[in-house]
Colleague: 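Just dropping this structure here.
Every chain is numbered from 1, with letters handed out A, B, ... down the list of sequences.
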Amino acid sequence: MNEKKIAIGVLLGPTASGKTALGVAVAKRLEAQIISADSMQIYRGMNIGSAKPTVEEQEGIPHHLLDVADIDGPKFNVAQYQRLAAAAIASIHAAGGYPLVVGGTGLYINALTCGLDFSETAGDEGLRAELAEQEKGHPGALYAMLQKEDPDAAQRLHPNDTKRLIRALEVKRLTGKPMCADFEKSAAANIPYAPKLVGLTMPRELLYARIEKRVDRMLAQGLLEETRDIWEKGYDRNLPALQALGYKQLFAYFAGESTLDTAVDVIKRETRRFAKRQMTWFRRDARIVWLDITQYSEAGLLDAACAILAEEI
RNA sequence: GCCUCGGUAGCUCAGUUGGUAGAGCAAGGGACUGAAAAUCCCUGUGUCGGUGGUUCAAGUCCACUCUGAGGCA
């Protein structure tokens, strides 16, 4: 690969850290277009709860990868995200714009910036369902099978991590190759991008206070009504989209399984835990330049982010 | 004023016949390659309200004391 790599920016951070607003401000200054890296904002109809930027909040900056899937549509996945985002980046670049990835879904960000390779490892829902059944009938069955079929993969997985065991078995059976083949082919050197990563951070207490406030704001903006509309469509509650924070807990309320107060408390608690998991994911990525928002004024933060993102490679 | 029952981990509480404490929840840490806001793993030192005393040894017994709830006058 000797052609010049496309410079892209990535603005990431835990939920409620202020990525959306800063992203738009950065985009305005750097003539960028935004590619969302958020596994829930892809769904049409899930707006308030996913904190999807409204048209006003987008301030005229083109946003890609929002509203690209239906709640009850075919399962969306990383590979699809990778393809769609790559296409968006290519078109933005071709038009002379700066692609700015903004979001908090670590796996999606890595799919773009770490060269994760999904090309030969398609999914098979039928096989997954079958494997899930086997595990139900005989707990431990999947792990035992994987130990025989792909010992390397088995070694890096925990026997209880059913989802990953299923995936590893799926890869082996569909491609005939062990899963680690994926890992070998995946390398940042393979990607056609030169990414710059900026992360938003702040003291844990402040982040938690912001989460609490944001959940309250979502409720005030009509999250309950938005969720009720979805609830009334009678979707299967097990759909991936409906595992989203906020929606899941309000579904429990509509189903009579909890009071509204309890549901709201659970949303806040689960959102805190989610933010913690996001931080765990991002912390290990040494490429990220962190900006503690308490160290900057609003304008200062924008300057700092732009300076990092616009820096020549 | 007297009596009773409490005061042990951030919260709710367990703690056997005295051998320097343990559950649930909360919280923290970690993993993560086609469900990822998902999924999974690991982690319990705290002036046992305080001060004295008995004892080789006290959350556990005794005295005093602070404090909360209830009861009786």
Side-chain angles (χ1 to χ4, degrees), chain A residues 14-16 36-43 46 49-52 69 71 73-84 103-125 127-129 131-132 135 142-143 150 152-153 155-171 174-175 177-188 190-191 204-205 208 211 214-215 218 236 238-251 265-285:
Chain A
T15 187
S36 167
D38 186 298
S39 66
M40 292 302 159
Q41 292 181 1
I42 59 167
Y43 293 110
M46 289 173 45
S50 71
K52 192 183 295 171
I71 294 172
K75 267 188 188 173
F76 193 85
N77 59 52
V78 210
Q80 233 170 313
Y81 175 81
Q82 192 181 41
R83 257 178 264 125
L84 292 171
T105 301
L107 180 61
Y108 286 10
I109 290 170
N110 284 2
L112 292 176
T113 64
C114 295
L116 305 188
D117 185 354
F118 305 107
S119 57
E120 295 180 46
T121 52
D124 179 333
E125 289 305 326
L127 176 60
R128 289 181 191 183
L131 290 170
E135 179 69 10
L142 297 186
Y143 193 69
D150 186 351
D152 286 344
Q155 202 175 14
R156 61 162 61 95
L157 294 177
H158 190 279
N160 291 348
D161 202 348
T162 309
K163 278 189 185 181
R164 291 199 173 80
L165 293 175
I166 289 175
R167 174 60 185 154
L169 283 165
E170 177 183 59
V171 169
L174 263 37
T175 68
K177 295 177 196 164
M179 189 147 187
C180 57
D182 261 14
F183 286 71
E184 285 160 13
K185 286 174 62 182
S186 298
N190 294 336
I191 61 168
R204 189 69 62 93
E205 281 176 20
Y208 283 4
I211 286 172
R214 187 161 85 164
V215 171
M218 284 176 174
D236 180 346
N238 296 316
L239 288 170
L242 299 180
Q243 307 317 305
L245 289 167
Y247 301 96
K248 183 192 175 106
Q249 292 76 17
L250 290 178
F251 263 53
D265 285 346
V266 174
I267 291 171
K268 290 173 178 172
R269 189 189 68 209
E270 292 304 318
T271 304
R272 274 181 248 126
R273 289 176 170 169
F274 169 52
K276 192 165 93 65
R277 269 178 270 135
Q278 287 178 299
M279 288 309 295
T280 298
W281 178 289
F282 292 133
R283 260 195 295 250
R284 68 178 171 176
D285 191 336

Colleague: Which whole number of Å gives the distance between the P atom of B:C62 and that of B:C5?
Modeller: 11 Å

Colleague: To the nearest Å, give me how far apart CD (A:Glu270) and C1' (B:U39) are.
Modeller: 13 Å

Colleague: Search all heavy atoms of A:Asp150 against all heavy atoms of A:Pro178 and return the closest pair with its distance.
Modeller: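 Nearest pair, atom of A:Asp150 first, then A:Pro178: OD2-CA, 3.3 Å.
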
Colleague: Ignoring backbone atoms, establish whether A:Thr162 has a side-chain N or O less than 4.0 Å from OP1 or OP2 of B:U39.
Modeller: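 For B:U39, neither OP1 nor OP2 has a side-chain N or O of A:Thr162 closer than 4.0 Å.
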
Colleague: If only side-chain N and O atoms of A:Asn160 are considered, is one of them under 4.0 Å from the OP1 or OP2 phosphate oxygen of B:C41?
Modeller: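 Yes, such a contact exists.
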
Colleague: May I have the distance from A:Asn238 (atom CG) to B:A36 (atom P), rounded to whole angstrom?
Modeller: 14 Å

Colleague: Could you work out the separation of B:U17 and B:C61 based on their P atoms and round it to a whole Å?
Modeller: 11 Å

Colleague: Give a yes or no on whether a donor-acceptor pair under 3.5 Å exists between the nucleobase atoms of B:G29, that is its base, and the side chain of A:Lys276.
Modeller: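 Yes, a donor-acceptor pair under 3.5 Å.
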
Colleague: Suppose we define a pair by two distances each less than 3.5 Å, Watson-Crick or G-U wobble; what does B:G46 pair with here?
Modeller: none

Colleague: Distance check: side-chain N/O of A:Arg277 vs OP1/OP2 of B:A36, anything under 4.0 Å?
Modeller: no

Colleague: In whole angstrom, what separates A:Tyr208's OH from B:G10's C1'?
Modeller: 14 Å

Colleague: According to the Watson-Crick and G-U wobble definitions, with both distances under 3.5 Å, which nucleotide is paired to B:C25?
Modeller: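 Matched B:C25 with B:G10 under the 3.5 Å cut-off.
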
Colleague: Without swapping roles, check the side chain of A:Gln249 against the backbone of A:Gly246 for a donor-acceptor pair under 3.5 Å.
Modeller: yes

Colleague: For A:Gln155, is the CD atom crowded, meaning more than 12 foreign heavy atoms sit under 6.0 Å from it?
Modeller: no

Colleague: Under 4.0 angstrom, heavy atoms only, what part of the nucleic acid is A:Thr15 near: base, sugar-phosphate, or nothing?
Modeller: nothing

Colleague: Side chains of A:Trp281 and A:Ile109: closer than 4.5 Å at any heavy-atom pair?
Modeller: no

Colleague: For A:Leu131 and B:G34, give me the distance from atom CG to atom P, rounded to whole Å.
Modeller: 14 Å

Colleague: Could you measure between the two P atoms, the one in B:G59 and the one in B:U43, and give it in whole Å?
Modeller: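 Nearest-Å result for B:G59 against B:U43 at atom P: 27 Å.
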
Colleague: OP1 or OP2 of B:A26 versus the side-chain N and O atoms of A:Arg273: is any pair under 4.0 Å?
Modeller: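 A:Arg273 to B:A26 OP1/OP2: side-chain N or O found under 4.0 Å.
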
Colleague: Considering every strand shown, what is the Watson-Crick or G-U wobble mate of B:U20 when both distances are under 3.5 Å?
Modeller: none

Colleague: Output the rounded distance in Å from CZ (A:Phe76) to P (B:A35).
Modeller: 11 Å

Colleague: For B:U39 versus B:A26, give the span between their P atoms, rounded off to a whole number of Å.
Modeller: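 About 15 Å, rounded to a whole number of Å.
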
Colleague: Would you indicate what A:Asp38 reaches in the nucleic acid, counting non-hydrogen atoms under 4.0 angstrom: base, sugar-phosphate, or nothing?
Modeller: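 Result for A:Asp38 = base.
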
Colleague: Measure from the side chain of A:Arg272, starting at C-beta and using heavy atoms only, and say which of B:A31, B:A35, B:A26 lies closest.
Modeller: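 My answer, after comparing the listed nucleotides, is B:A26.
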
Colleague: When you compare B:C56 with B:G18, how far apart are their P atoms, in angstrom units rounded to a whole number?
Modeller: 16 Å

Colleague: Under 4.0 Å between a side-chain N or O of A:Tyr81 and OP1 or OP2 of B:G34?
Modeller: no

Colleague: Suppose we define a pair by two distances each less than 3.5 Å, Watson-Crick or G-U wobble; what does B:C61 pair with here?
Modeller: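 Pairing partner, where one exists within any strand: B:G53.
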
Colleague: Take the protein atom CD1 of A:Ile166 and the nucleotide atom P of B:U39, then report the distance between them rounded to whole Å.
Modeller: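 Atom-to-atom, A:Ile166 to B:U39, this comes out as 13 Å.
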
Colleague: Touch check for A:Gly246, heavy atoms < 4.0 angstrom, all strands: base, sugar-phosphate only, or nothing?
Modeller: nothing

Colleague: Let me know, please, whether A:Lys248 or A:Ile42 comes out on the 5' side of the other along RNA chain B by nearest nucleotide.
Modeller: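 With A:Lys248 and A:Ile42 compared, the 5'-side residue is A:Ile42.
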
Colleague: Could you tell me how far B:U16 sits from B:G44 if I compare only their P atoms? Round to whole Å.
Modeller: 23 Å

Colleague: From the list B:G29, B:A36, B:G30, which nucleotide is the closest neighbour of the side chain of A:Thr280?
Modeller: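 My answer, after comparing the listed nucleotides, is B:G30.
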
Colleague: Output the rounded distance in Å from CG (A:Asn110) to P (B:A31).
Modeller: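 Atom CG in A:Asn110 sits about 12 Å away from atom P in B:A31.
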
Colleague: Below 4.5 Å, heavy atoms only, C-beta onward: do A:Leu112 and A:Ile191 meet side chain to side chain?
Modeller: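 Not touching, per the 4.5 Å side-chain cut-off.
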
Colleague: For A:Leu127, is there any backbone N or O sitting under 3.5 Å from a side-chain donor or acceptor partner on A:Glu170?
Modeller: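 No, A:Glu170 side chain to A:Leu127 backbone: no donor-acceptor pair under 3.5 Å.
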
Colleague: Between A:Arg283 and A:His158, just flag the one whose closest nucleotide in RNA chain B comes earlier from the 5' side.
Modeller: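 Result: A:Arg283.
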
Colleague: Does A:Arg164 put a side-chain nitrogen or oxygen below 4.0 Å from OP1 or OP2 of B:A36?
Modeller: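 Indeed not, no polar side-chain atom of A:Arg164 lies that close.
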
Colleague: If we call it a pair only when both distances are under 3.5 Å in a Watson-Crick or G-U wobble match, what pairs with B:A69?
Modeller: B:U4

Colleague: Which one is paired to B:C40, where only Watson-Crick or G-U wobble pairs with both distances under 3.5 angstrom count?
Modeller: B:G30

Colleague: Please report the distance, rounded to the nearest Å, between CG in A:Leu127 and C1' in B:G34.
Modeller: 13 Å

Colleague: Could you tell me how far B:G7 sits from B:G50 if I compare only their P atoms? Round to whole Å.
Modeller: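 Pairwise P distance, B:G50 against B:G7, rounds to 13 Å.
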
Colleague: Between B:U4 and B:C11, how far apart are the C1' atoms? Round to whole Å, please.
Modeller: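 Taking atom C1' in both B:C11 and B:U4, they lie 26 Å apart.
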
Colleague: Classify the angle between the aromatic ring planes of A:Tyr81 and A:Tyr108 as parallel (below 30°), tilted (30 to 60°) or perpendicular (above 60°).
Modeller: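 Taking A:Tyr108 first and then A:Tyr81, their aromatic rings lie parallel (interplane angle under 30°).
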
Colleague: Between A:Met279 and A:Lys276, is there a side-chain heavy-atom distance shorter than 4.5 Å?
Modeller: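 No, every pair of side-chain atoms sits at 4.5 Å or beyond.
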
Colleague: Does A:Arg167 make a side-chain N or O approach to OP1 or OP2 of B:U39 shorter than 4.0 Å?
Modeller: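 So the side chain of A:Arg167 is outside the cut-off, no N or O lying under 4.0 Å from OP1 or OP2 of B:U39.
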
